[in-house]
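To start, the structure under review is shown below, and the notes come after it.
Chain identifiers are assigned alphabetically (A, B, ...) following the order of the sequence lines, protein sequences preceding nucleic acid strands; residue numbering begins at 1 within each chain. Keep in mind it's a predicted model, so treat the numbers as computed, not measured.
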There are 2 protein chains.
Amino acid sequence: MKLTMLYSFLKSDIDLIEKELERAISSTSPSLRDASLHLLQAGGKRIRPIFVLLAAKFGEYNIERVKNVAVALELIHMASLVHDDVIDNAELRRGKPTVKAEWDNRVAMYTGDYIFARALEYMADIESIEAHQVLSNTMVELCVGEINQIKDKYRFDQSLRDYLRRIKRKTAILIAASCQIGAISANVPKCVSEQLFQFGYNVGMAFQITDDILDFTATEAELGKPAGSDLWQGNVTLPALYALEDEKMREKIIGVNAHTTKSEIDEIIAHMKRSDVIERSHALSQRYLSRALSIVDELPSNRTKKTLRDIAKFIGKRKY
Amino acid sequence: MKLTMLYSFLKSDIDLIEKELERAISSTSPSLRDASLHLLQAGGKRIRPIFVLLAAKFGEYNIERVKNVAVALELIHMASLVHDDVIDNAELRRGKPTVKAEWDNRVAMYTGDYIFARALEYMADIESIEAHQVLSNTMVELCVGEINQIKDKYRFDQSLRDYLRRIKRKTAILIAASCQIGAISANVPKCVSEQLFQFGYNVGMAFQITDDILDFTATEAELGKPAGSDLWQGNVTLPALYALEDEKMREKIIGVNAHTTKSEIDEIIAHMKRSDVIERSHALSQRYLSRALSIVDELPSNRTKKTLRDIAKFIGKRKY
């Protein structure tokens, strides 16, 4: 079962959005265009545009109007990915800070800014003040989340609450906003658009927890990077937080830093897999999904409800 | 004569904006707040808010509404300053790329993103689609300008047109947008708000050219950095472009790179000052100012017209 099969009835609309995304980042500046196109062609699940469209199905669905919102939300997601990479890139070249690396970083930063500004152009036509408020609040939360993520690196005394707040800001809020703004752009009643926000929030939390589990359980081939990379880079996620409760695992995990070897990380992962931390992490993800599903139950009757359910279930089971 | 004396009748409104700016960057995240407050307290001329207010005086001036626009425009300016510094900072520490430096850079980048997102929150209440369009187009141009500035570094074969397009994107457009969006937020008729945009554009061009002249002619104490820093960093500005037309100066200027010594830069500056390149640069700045002044003449009668004229004249004469 592939994710795309769950919303095949949206295929032609998603193709339109894909084309518009390409147009959006065609710039007069060749280096900007190349950098952005590279990112676009790298693909992605286009989860945010899909939620925009699905939410709009609860109102006066007009693809021309909702298309712009979908493009804007995906561009914001792309811009945040570009900024995520800015300094990571430099770290890879640590010890060799070539002028080229610094040049690249600056260009990467402005490429992110540019993609973000293009997103705003797509949003500019939306008359609803509420849509602009939701979006700008979301942006603020995203930035605070990013900064907290940097500050929380290698901080092994953080709480579950710290983690949940961080993934809320980092992931869940943008998915929630995609649902809500998609709904607003289709004149969905406020109470329904707010329910859709809650649905998106819960799905987003489950999505990020699943991502964080996969970072430990998937193979290097599936991830495109070594398993355990999050922990290695000091990003303390849910499975690691649960593992820290165990005396023995704790001892090893709190010693992790940038100089830890791959075999040390592998050993920690093996220990974690033998314990119940992966299972417990799945259980928390499932709790968010159950909440998402019960919100769907309360939504007005609509054939899109089934798709929302299918996607929520899919996210809980996905293996990559 | 100080700039602030030219608009003393706006003092209480500008004080309000100053307070709102402080509130705007008060974040729950202490490191974010500190970084932003530092920037705010460093001051600045608040030129963009002033133009927002002055332009709004041509319509239904409502300080509560126009205040949000003024705060937004200043925040966008501040965010762009933060991003400007991101990699410069790293360059200063070249050869010693401490983790701290990279950490700082990432935080600085997200601080810029955060301030920018806060700006959008202040704009969200503005109902006019046109205002959102002008602002988002401005953001796109700003980013393209920044990227071109990086690409044009140490490129001594660039044309006057390259330079003018760059300063238009880098400086003039945001000042022009401040005038236009200020006007739009006060329901100024479209033809007048577009004239105000043109006024802002021409003032902005003159302002940046003057800045670029001062980089050569002011003292280190006035500038807070060595004279000729632009050239040293490879930023080819108007006086340098004119100097490149002279065989002898050309020879020296095209040899400038990051390893050039201060005394070599000082020698080039001395040579430039003996030539007519500063005078010619002033002349071009004056042409933009004349155009700005003639646009003011065409504006509807209003006691603000005198202030617009005074500010334009002041910018042409400013010594710091």
Expected output: side-chain A:W232 to main-chain A:T260 donor-acceptor under 3.5 Å |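 Yes, because the side chain of A:W232 sits within donor-acceptor range (under 3.5 Å) of the backbone of A:T260.
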Do side-chain atoms of A:H132 reach the backbone of A:I126 as a donor and acceptor pair under 3.5 angstrom?
-> yes
Looking just at side-chain N and O atoms, do A:N235 and A:Y154 make a donor-acceptor pair shorter than 3.5 Å?
->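 The criterion, which ignores hydrogens and geometry beyond distance, is not satisfied for A:Y154 and A:N235.
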Going by atom types alone, do B:R166 and B:Q158 pair a side-chain donor with an acceptor below 3.5 Å?
-> yes
Examine whether an atom of A:Y122 lies under 4.5 Å from a heavy atom of chain B, and if so say whether it belongs to the side chain, the backbone or both; otherwise answer neither.
->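 Neither part, no heavy atoms under 4.5 Å.
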Most contact-rich option vs chain A, by heavy-atom pairs under 4.5 angstrom, among B:T138, B:L142, B:D125, is B:D125
Looking only at A:E146, A:Q133, A:M139, the option with the highest number of non-hydrogen pairs under 4.5 Å against chain B is A:E146
